[in-house]
Amino acid sequence: MKIYLLALCLSVLLSAPLWAAETRLPNVVMIVTDDMGYADLSSQGAKDFATPNLDHLAKQGTRFTDFYVAQPVCTASRAAFLSGCYPNRVSLQGALNHTSKNGIHPDEYLLPEMFKDMGYATAGMGKWHLGTVIDFWPTRNGFDEWFGTPYSNDNTKYHPVLADEMPPFPLYEGEAVIELDPDQSMLTKRITQKAVSFIERNAERSFFLYVPHIMPHVPIFASEEFRGRTEHGLYGDVIEEVDWSIGEIMRTLDRLKLTDNTLVIFFSDNGPWPSYGEHAGSAGPFREGKLTTFEGGVRVPCIMRWPGHIPAGRVCDEPLMAIDLVPTLTKLVGGKMPSKKIDGLDASAVLLGEKNAHSPHEALFFYGGTGLQAVRSGKWKLHFPHPYITVAGEPGKGGKPSNWGKNQAQSITQSGIEGIASRHGGRVEKIELSLFDLSSDPGETKNVAAQHPEVVARLKKLAEPIRQELGDSLTGVEGTGIREAGWVK
């Protein structure tokens with residue numbers, strides 16, 4: 001009987017959420033910026049503008065210096081961190097636009113659905129980008145409330161190159177369009193007001209709040225209150241307003257005495273867009289930016305805070321990826337895992353600062369579109385031969401890309417690497433098989449493959465199973481574990 005009771009107790013403990021000492025399920029606030037650079041935080045090198053609220057959040061929590069997104073572009077990144085899968089598994093690479101008929105498949109079990117099934121109030125305010133038709137809408141994927149846009153804010157009359165062929169930009173409340181071509185300078189404030197209102201209305205119950213900011217994706221806008229505030233120009237003004245927004249959300253949690261029972265997660269969906277120069281952020285010491293699998297494209301700023309659980313004032317360099325959020329948060333709140341296979345792993349031990357906790361991944365894999373471009377294991381990162389987009393000439397000014405007026409821009413329906421480069425001031429180059437030691441060369445400038453053939457061989461071996469499962473257009477491999485995206489006629 002004693003053995004049976006001991007086994008029963010252990011079973012209960014192992015299945016219980018890690019918040020068991022709390023009086024109720026913890027709230028979760030997930031804030032995601034769009035195209036914000038690694039060095040766009042004061043604590044990570046920002047100059048001529050300040051991020052005091054993010055700095056304060058870092059002092060109260062942990063700053064993760066080696067946090068990655070799964071692909072360096074909007075839709076793919078979001079598909080990954082909301083599903084827990086590499087985006088290739090759910091067939092959502094690249095960035096959807098107003099002509100897209102595909103989206104996240106209804107059978108995928110997304111993070112907001114897990115929270116909703118746990119009895120949480122759920123809301124999202126900002127950019128969705130997982131399907132432009134109602135069949136794939138946030139309210140069909142676990143959100144009680146939604147306020148925001150279906151895709152990026154350049155898919156509008158403000159597109160830096162293709163403005164004449166863009167439709168009116170829709171702003172939604174729930175499933176209804178409430179405005180066309182809203183004043184983009186007010187979007188950050190309006191998103192913030194909606195987020196604060198949601199917290200106030202749900203202060204007595206557990207909630208999941210997702211705030212995927214529209215800024216600082218080009219074209220960038222700041223409200224009148226913030227324009228001209230920084231020495232960095234409009235980009236600095238935009239970041240300071242986003243930082244203000246985060247501060248407003250944190251102050252609301254404080255005012256309602258919800259701070260101690262709320263896990264706050266902040267990161268960017270990918271790195272900055274170097275071609276846009278003064279209207280783009282900085283990747284700091286890292287190479288390239290958005291649309292590339294170099295560190296500047298996939299390593300992003302990340303802060304997490306949960307008083308009494310996540311260590312305060314800590315800096316953590318364990319390699320993690322946004323796909324880990326689904327299994328980690330599910331573990332923390334005792335939720336139900338997706339029934340379909342995912343790629344993220346439970347990183348709760350790293351988040352909570354447990355002794356000797358390490359990344360749950362032996363390797364992280366980086367796709368560009370459908371091509372497997374790179375793998376990181378420990379301090380080593382191996383790039384397989386692949387084409388990539390770099391800035392065509394001098395970085396752009398005034399919201400225009402590099403080489404503005406010199407390139408013939410292809411239609412937005414041309415989503416291949418050449419088409420993207422033509423629209424956004426890029427040129428296509430190619431990297432050969434290259435090994436980098438990120439501990440001594442975070443800028444990926446010194447190819448040491450010849451000096452470490454054994455490391456190259458090991459990383460190649462690590463990559464082969466994922467190549468077979470998710471495919472690789474660079475080597476002609478068709479994946480066996482790919483699931484269909486949703487499609488409408």
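Every heavy atom of this structure was used, including side-chain atoms; hydrogens, water molecules and symmetry mates were not.
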Query raised in the report: Partners of Lys59 by side-chain contact (heavy atoms from CB on, under 4.5 Å), sequence neighbours excluded?
Result: none

Query - Residue list, ring pair (Phe, Tyr, Trp, His ring centres under 6.0 Å) with Trp244, at least two apart or on another chain - result: Phe226

**Report entry** Contacts of Asp346 that satisfy salt bridge (Lys or Arg N to Asp or Glu O under 4.0 Å) - sequence neighbours left out
**Finding:** Lys331

Report task. Mind checking the CG-CG spacing from Leu130 to Asn102? Nearest 0.5 Å is all I need. Result -> 10.5 Å

Report summary line: Glu175 meets the side-chain contact (heavy atoms from CB on, under 4.5 Å) criterion, sequence neighbours left out, with Ile134, Trp137, Thr139, Arg140

Query raised in the report: Taking the six-membered ring for Trp, are His386 and Phe294 parallel (under 30°), tilted (30 to 60°) or perpendicular (over 60°)?
Result: tilted

**Report entry** Partners meeting side-chain contact (heavy atoms from CB on, under 4.5 Å) with Ser42 (sequence neighbours left out)
**Finding:** Ala50, Thr51, Asp55

Report task. Would you please name every residue forming a side-chain contact (heavy atoms from CB on, under 4.5 Å) with Pro395, sequence neighbours left out? Result -> none

Report task. State which residues pass ring pair (Phe, Tyr, Trp, His ring centres under 6.0 Å) with Phe208; sequence neighbours excluded, sorted by chain then number. Result -> Phe115

Got a list of side-chain donor-acceptor pairs under 3.5 Å for residues 80-87, not counting sequence neighbours?
residue	atom	partner	partner atom	Å
Ser83	OG	Ala79	O	2.6
Ser83	OG	Cys85	N	3.1
Tyr86	OH	Phe365	N	3.1

**Report entry** Set of residues satisfying ring pair (Phe, Tyr, Trp, His ring centres under 6.0 Å) with respect to Phe147, sequence neighbours excluded
**Finding:** none

**Report entry** Arg305: partners by salt bridge (Lys or Arg N to Asp or Glu O under 4.0 Å), with sequence neighbours left out
**Finding:** none

Query raised in the report: With His105, which residues qualify under ring pair (Phe, Tyr, Trp, His ring centres under 6.0 Å), at least two apart?
Result: none

Query raised in the report: Can you list every salt bridge (charged side-chain N to carboxylate O under 4.0 Å, His left out) pair that touches residues 264-277, not counting sequence neighbours?
Result: Arg78-Asp269

